[in-house]
Amino acid sequence: MANLDISAPLKELTDKIEGILALDMDDPESEAWGFLAPQVQKLLQQLGIEADEFATLFAPLSKAKADPSFNLTPDEWQHQAEGYSLSGKFGAGLLVDVVLPSDKEQYPTFKSSNLPLVVFGYDLSIGAGAGAKLPIKLLTIEASASGALDWKVKLITSVSEDKKLSSLIAKLGKTPLELFDIHKLSGNLCKHYSAFGIEGVIINQMRDLSVKGKATLGYAWSKNAAGRAVGIEANAGASFGAEYVFKGNFDLVITPTERGMRIEVNQVVDTSKGANYSLDALIKISGVDQAAKAYLEPALSELSGAAEQLKHLIDKYSSPSSWLTAQLSEHLAELADEDPSLLLSVAQNLAIGSGDGIESSIKDYVEAKLLEVLDSKHLAWISADEAEAKSLASSLLASVGLSEAVIKTLKLDKHLAKQIVKANAKLNEEIEDLADDAGAGANEELARVLQQIEGAKAKLDAAGEDITATLSELVGEWLTLYNQAASKFNATLKKLAAVEIGLSLYGAQSRTLKRGAMLSLELVQTNHAKVKRFYTDLLLGKPIDIEELRDGELSPYVANLSGWFEETYTSQSTLGLGLNLGDDFKFAQQRTLANIANAKVDSNGLLQAASSNVTLTDSSTTLQETRRTEFLGAFDVFAAIKLGAKPNIAVEIKFEDGKVMSSKELHQFLAPLNDNKLIDVLNLSAVENKFAEVLASGQAKRSRIECGVNLSKQEIDTIIATSPTRVCELTLQLLYRMCLREDEIKTIQENSNTADSIAVQLRTFADKGLSQYSPVGRMYSDLPLKVTRMLRHAEALSKVPACYQQMVSEVKTLSYSDPNSYIDIINGYNDEIIQALKYFVDARGALSGLVTETLPKSTQILLIVIATIIQRDEPILTTSISYDVGGETILL
């Protein structure tokens, strides 16, 4: 390396033009690089590199622009019309990098050479976007589309130690690289000169396409009563949206071989489609705060003279916040002048940063804390007595939420006391001026301003000509009454003014397919049309047909084929309903179904991996309580084929109270589970007594119950081996016993042979139809439908164990090169499992949660079926009860 004379000039080049990275072309269509800045050209000449030679090396940029996938105008543009917009950008950059033998890990394909590598790279990027927003009366349509392409090419070369970088560039400049013709590229890559050689090419392509659309239909209505501040606003609307997203990453590593070209392909493509809708209604109450102010300060007819001055004065002093937070900046500045490190320690204590503007940051933080309390806490703040002012300041700071250390360091108690005394002096000064200006007969008008104070006029009349002291007393009394009433109103008003009563029904569906391919192959006869076509398809990121490579028309020109293909399919659907009657009065119900299927096949068509995942989640929120029931089924199908593995099946149940649940709620949730021997609480009374002690302490803030079913391999094997008939009959017995009333059971028995099994009775009853029944004193018009649903749910659940068996059996018999064939099979069974379990995976409804916390009977039945089949010695649910104290979670 000592003789490789490139390190010094490269360092200079890097310092001058940032590693020759991203030299943006002013004229991207130009095939020459004469646009380089004069100082850069001069620097290149010092290295012995002519600008024209340097430009020739990157001639493939013009080829890239000619490719059909890059048909955008190579320029930057922006266009807007009414309702429409269009934007785009084209750019290119250049990179030169020297890689020593010791650092070749970043280029593992080219580690065989002991020579240093010189990597020449260029980057071509294209982006475009379009949008439209079209309001049509009540309908608004929005659509947008965006696309981006990033094309990176790296030419990997090696250079002997006795040659300069300029010699390599000069040689390469005479033989431009042809990227889009595999035969010409082969000719270039196979050229090895005495001093250097072209080792290969790395091409990376990233594509991103997104299309979104949304249609909104809405209507708004508002109403203000005549002369009133309070108003009601109502909005109703529906929205429908759709989205398509494509993301692709395509890597090619191309190296020469004795017979042709070796290509390593890595493709990762994500395609997703989604749709959503929502139906919303919203009612908002506005103007409540203005109405309250009008109540506290009744409207007065036109005032003049001293009365007008008095009205202005009491408005000016009606809020202590404007006076007590005044001059805080000056106070902090004085402290900083005394000790510059003082504010830094406060900033660190408050964790608000310590950079520029530290005084302003502390001022804003402290002021916000003060205002928060002053808006809700009554403070008789007008006082001339310094001792009383200090007491008022201390009382206020006790509620502010600042540490004693911060209050002491910032001397806030002294500052607030000073402001209280100053405000009192200023108020009395203005009252004295007002009293001096008030003429004879002004008492009646002044008393009208102070009408909330009983006997105001009589007191002013009794004061005679000098009303200063009396007026000061009356104003102080008015301010005290006003602030006392305002402090009571504010907390409620703030919440009420922001109340929105909303109802929303929403849903969403999404489908995502992720495809991956990792192949290594050798192309021979690079001048053949089929080989050229295949290579062009690779450059464009088109899907690879493995059967054509292995057994089709391309097979004679392909050698040493190896690698794999993988696909992952994900689908998810969500349906929800929400009702909001205020911050603490919310109801919501949501159900989410998710399915993931994965398959991987090697280049010989042999299955390498296959798996299935199903998740069903039902959740509800009632006020501050949430309930959730979830089923999870994970199945490694490939491991089942090879090793006899079984699915991993779990059921999870959760009840959480944002405050703390009551003993009654705890009993409602646990008692049915305990009665059916599903939980591991041996003595429910003891648990309830212990929880009652927690409640009595008054320290618990949030409580939760979590139950889970975790099955062993042997238990899952038992479930899978259970016959559908056994599962169906057991489920029907439980539905019959737990979900029907006594009179309904009697009706069923009377219309079927009571000696038959319950399953037979239900089927007989459903088959006869409604016209056969003549019940006395009660109509049973919905009973046949109820029984029909029970039969349908039981039969669907009975097929779940068989689904896992059949999934393995069917996948095992297949032999496809395309992983999508396995995905289709797995998806079919996953959908069947989801449809069967939807009824049994249920959280307590949002509104019914007001009445009881008992787990829905359908979910209890699912748990009892599992427990009955596996016959475990102990209960199947592992239960955890916890609550929070001081931010720490404690298990009961």
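As the structure is a prediction and not an experimental result, all values here were calculated from the model. All values below were derived from every heavy atom in this structure, side-chain atoms included, with hydrogens, water molecules and symmetry-related copies excluded. Numbers here are sequence positions counted from 1.
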Pair Glu832 + Lys799, salt bridge at N-O below 4.0 Å: no
Output all residues satisfying ring pair (Phe, Tyr, Trp, His ring centres under 6.0 Å) with Tyr839, sequence neighbours left out; order by chain, then residue number. His793
Less than 4.5 Å apart, any side-chain heavy atom of Val201 and any of Ile156? no
So do Phe565 and Ile546 actually touch side chain to side chain, heavy atoms under 4.5 Å? yes
Do Glu706 and Arg627 sit within salt-bridge range, that is, some charged N less than 4.0 Å from a carboxylate O? no
Is it the case that more than 12 heavy atoms not belonging to Tyr506 sit under 6.0 Å from its OH atom? yes
Do Asn249 and Asn204 meet the criterion of a side-chain donor-acceptor pair at a distance under 3.5 Å? yes
Assess, by modelled atom type and distance only, whether the side chains of Glu630 and Thr617 contain a donor and an acceptor separated by less than 3.5 Å. yes
Before giving the answer on side-chain contact (heavy atoms from CB on, under 4.5 Å), spell out for Val269 and Phe246 the whole-Å C-alpha distance, their side-chain angles and the decisive distance to 0.1 Å. CA-CA 7 Å; Val269 176; Phe246 172 88; 3.3 Å; yes
Do the side-chain N and O atoms of Gln590 and Ser619 include a donor-acceptor pair separated by under 3.5 angstrom? no
Can you tell me if Gln589 and Arg591 form a side-chain donor-acceptor pair at under 3.5 Å? no
Carboxylate-amine/guanidinium proximity below 4.0 Å for Lys713 and Glu715: no
Does Ile823 offer a backbone N or O that forms a donor-acceptor pair with the side chain of Asn820 under 3.5 Å? no
Please check if the side chain of Thr536 supplies one atom and the backbone of Lys532 the other of a donor-acceptor pair under 3.5 Å. yes
Check against side-chain contact (heavy atoms from CB on, under 4.5 Å), Ile833 and Tyr804: CA-CA 9 Å; Ile833 291 169; Tyr804 288 109; 3.7 Å; yes
Regarding Thr255 and Arg262, do their side chains bring together a donor and an acceptor under 3.5 Å, going by distance alone? no
Under 3.5 Å, is there a donor-acceptor pair linking the side chains of Thr568 and Asn598? yes
Taking NZ, NE, NH1 and NH2 as the nitrogens, is one of them in Lys247 or Asp270 under 4.0 Å from a carboxylate oxygen of the other? no
For residues Asn830 and Ser612, is any side-chain donor paired with an opposing acceptor at under 3.5 Å? yes
Apply salt bridge (Lys or Arg N to Asp or Glu O under 4.0 Å) to residues Glu243 and Lys273 and explain how you reach the verdict. CA-CA 6 Å; Glu243 179 180 24; Lys273 299 177 182 179; over 6 Å; no
Flag, side chain of Ser809 to backbone of Gln806, donor-acceptor distance under 3.5 Å: no
With distance as the sole criterion, is a donor-acceptor pair present between the side chains of Glu567 and Tyr822 under 3.5 Å? no
